[in-house]
There are 2 protein chains.
Amino acid sequence: MAVNLDPTDWSILAELQRDGRVPLTELGRRVSLSASAVTERVRRLETEGVITGYRADVDLAKVGFAVLAVVRLKYPGSRHEPLHRLLAERSEILECLRTTGEDCYTLKVTATSMPHLEKLIDELAGFGSTTTSIVYSQTLPYRGPRTP
Amino acid sequence: MAVNLDPTDWSILAELQRDGRVPLTELGRRVSLSASAVTERVRRLETEGVITGYRADVDLAKVGFAVLAVVRLKYPGSRHEPLHRLLAERSEILECLRTTGEDCYTLKVTATSMPHLEKLIDELAGFGSTTTSIVYSQTLPYRGPRTP
DNA sequence: TGAAGATACCGGCAGATTCCCGGCCTGAGC
DNA sequence: GCTCAGGCCGGGAATCTGCCGGTATCTTCA
């Protein structure tokens, strides 16, 4: 399941996590490899599933989502489809982690305003009891792991 | 501060969040615009800070990080620099949200093994009391918001 | 009303990039 | 020593990007 990576692979991953649009020629320069060699490696990382995709990062506040919150959901039931259906419909739910502990789910939710957030929480509260924390700031932009 | 976006901009954002490496010509095709027009819009979104960057998504398990956890940290002090220094050093800490409520910080942490996670938690526990939940599964790959 | 300006779009072209191919080098196995 | 596989390099065709001028539409203001 796990894939073997050499230091060059780790450098490539670091560069692509920092800038997913860097041209392969420039990427080759940065990791001291020819463009064709680095192309081959990147393609291997993609086909083996190490790189699952490329995403543009969007500034939520800039596009009108002023509020960010962490919601913990105590979900007593065992039928999870209805919740998953809600997740698929509501793009405001950015992330959903199922965890150990009392709170079965930890969600990252965004909203345009407090009333909007309130409405979302009400929908989630239909599944179980919720605990909501408003996010002041997001200290770390996502960087991803380095070699273990 | 917020930026006005028309439906075409939202389509562009949706496409770029789904596939951040799509060529501008193909992107133009998908949103029914010429390559030059879409280039101009994307460049505007970038310079205005709506798009903050592009990142490759890496499968953590595939590269050896088998464990994912949510750690809540009750941080009694007001001096946050030491914590931030730790965040900068430890790439295992993927995300750090400062929130309202008793638990001042909510962190997303990855590790190669339980002993590795234990070591990380011990480091964090130096700052305050922690509550750790292991993540079973991550239900939603990040998709980002749609038009509000 | 009508002209000037701003905005957004298109087409086309030069230069850069990607993709694909054949060939070279090195190490492992026989 | 020979062969094979893996990884890398360089070159050329196809594609993409970045930039240009030109056009249509809408707004502004005289």
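Predicted model only: the values in this text are computed from it and were never measured. Naming convention: chains lettered A, B, ... in sequence-line order (proteins, then strands); numbering from 1 in each chain.
A straight line from CD of B:Glu48 to C1' of C:dT7 spans 14 Å, rounded to a whole angstrom. Counting to the nearest Å, the P atom of C:dG23 and the CD atom of A:Glu40 are 17 Å from each other.
With rounding to the nearest 0.5 angstrom, the OG1 atom of A:Thr25 is 10.0 Å from the CZ atom of A:Arg30.
Heavy atoms of other residues, nucleotides or ligands lying less than 6.0 angstrom from CZ of B:Arg21 number more than 12. Within 6.0 Å of CG on A:Asn4 lie no more than 12 heavy atoms contributed by other residues, nucleotides or ligands. Heavy-atom neighbours of A:Arg44 CZ from other residues, nucleotides or ligands within 6.0 Å: above the threshold of 12.
Each end of the helix from C:dT1-D:dA30 to C:dC30-D:dG1 yields a helix axis from five base pairs, and these two axes differ in direction by 20° (to the nearest 10 degrees).
The ring pair (Phe, Tyr, Trp, His ring centres under 6.0 Å) pairs that include a residue from residues 76-102 of chain A are A:Tyr75-A:His80, A:His80-A:Tyr105, where partners are two or more places apart or lie in different chains.
Scanning for salt bridge (charged side-chain N to carboxylate O under 4.0 Å, His left out) contacts around A:Asp122 gives an empty result, with sequence neighbours left out. A:Thr52 meets the side chain to side chain contact (heavy atoms under 4.5 Å, CB included) test with B:Asp57, B:Asp59; sequence neighbours excluded.
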**Prompt:** Does the side-chain contact (heavy atoms from CB on, under 4.5 Å) test come out yes or no for B:Ile12 and B:Leu45, once each step is laid out?
**Reply:** CA-CA 10 Å; B:Ile12 289 173; B:Leu45 291 170; 4.1 Å; yes
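Nucleotides of DNA chain D with any atom under 4.0 Å from a heavy atom of chain A span, from 5' to 3', D:dC8 to D:dG10.
Defined by atom type and a distance below 3.5 Å, a donor-acceptor pair is present between the side-chain atoms of A:Glu46 and A:Tyr54.
Heavy atoms only, all atoms of each residue included: B:Arg55 and A:Asp19 are closest at NH1-N, 4.4 Å.
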For nucleotides 18-22 of chain C, give me every protein contact, N/O to N/O, under 3.5 Å, one pair per line with atom names.
from: C:dT18; atom 1: OP1; to: A:Leu24; atom 2: N; distance (Å): 3.0
from: C:dT18; atom 1: OP2; to: A:Leu24; atom 2: N; distance (Å): 2.8
from: C:dT18; atom 1: OP2; to: A:Thr25; atom 2: N; distance (Å): 3.2

